[in-house]
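These notes concern the structure reproduced below.
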Amino acid sequence: MSQRYLVVIEKAPRNYSAYSPDLPGCVATGRTRKGAEVRMKKAIEIHLRGMKEDGLPLPRPASVAEFVKVS
């Protein structure tokens with residue numbers, strides 16, 4: 001069964017960083033936005049696999065994102 005986790009990608013001075021609010025400690029970086037996204041997908045897969053191997057419950061995706069327009 002596949003899950004969809006929210007991933008936040010932020011621009012840093014020299015690269016991009018990514019994290020998922022639903023998976024504390026699961027982070028990735030990349031030289032490009034796409035690179036950070038690809039690495040984060042792999043990081044999530046590894047993170048969840050490790051949790052399964054340790055017998056830990058997998059967190060259900062719960063975070064959502066919304067853009068808010070301000071003047």
Side-chain angles (χ1 to χ4, degrees):
M1 176 165 97
S2 67
Q3 298 283 354
R4 289 175 41 135
Y5 288 95
L6 174 66
V7 171
V8 177
I9 301 173
E10 299 175 331
K11 176 71 174 110
R14 296 190 182 126
N15 66 351
Y16 288 82
S17 62
Y19 68 94
S20 176
D22 294 321
L23 301 168
C26 186
V27 299
T29 63
R31 288 190 315 185
T32 64
R33 182 188 171 284
K34 184 64 177 174
E37 182 181 333
V38 168
R39 287 181 171 187
M40 187 61 189
K41 181 179 185 297
K42 188 67 174 174
I44 290 172
E45 291 169 349
I46 292 168
H47 190 86
L48 295 176
R49 186 177 325 125
M51 291 182 76
K52 283 182 188 177
E53 289 172 359
D54 290 344
L56 299 172
L58 300 183
R60 299 192 75 184
S63 296
V64 296
E66 185 64 47
F67 287 96
V68 177
K69 186 176 181 178
V70 296
S71 300

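- In this structure, the salt bridge (charged side-chain N to carboxylate O under 4.0 Å, His left out) partners of Lys41, at least two apart in sequence or on a different chain, are Glu45.
- Within the 4.5 Å cutoff, the side chain of Leu23 has heavy atoms near those of the Pro59 side chain.
- Residue Ser20 comes nearest to Leu6 through the heavy atom pair OG-O, 2.8 Å, listed as atom of the first residue, atom of the second, then distance.
- With rounding to the nearest 0.5 Å, the separation of CD in Glu53 from CD1 in Ile46 is 10.5 Å.
- Taking the side chain as every heavy atom from C-beta outward, Met40 and Ile44 approach each other to under 4.5 Å.
- Leu48 and Leu56 end up in the same hydrophobic cluster when Ile, Leu, Val, Met, Phe, Trp and Tyr side chains are linked at under 4.5 Å.
- Atoms CG and NE2, on Leu58 and His47 in that order, are 9.0 Å from each other to the nearest 0.5 Å.
- Shortest non-hydrogen contact noted between Ala43 and Ala28 is CB-CB, 4.5 Å.
- Residues Pro21 and Pro24 come closest through the heavy atom pair O-CD, 4.2 Å.
- Counting heavy-atom neighbours within 6.0 Å of Lys42 NZ, excluding the residue itself, gives a total of 12 or less.
- At least one donor-acceptor pair under 3.5 Å links the side chain of Asp22 to the backbone N or O of Ser63.
- No side-chain heavy atom of Ser17 sits less than 4.5 Å from a side-chain heavy atom of Val27.
- Judged by distance alone, the side chain of Tyr16 and the main-chain N or O of Glu37 form no donor-acceptor pair under 3.5 Å.
- In the hydrophobic clustering of this structure, Met51 does not group with Tyr19; members are Ile, Leu, Val, Met, Phe, Trp, Tyr whose side-chain heavy atoms approach within less than 4.5 Å, directly or through other members.
- Inter-residue side-chain proximity for Gln3 and Pro61 is flagged as met; some heavy-atom pair is nearer than 4.5 Å.
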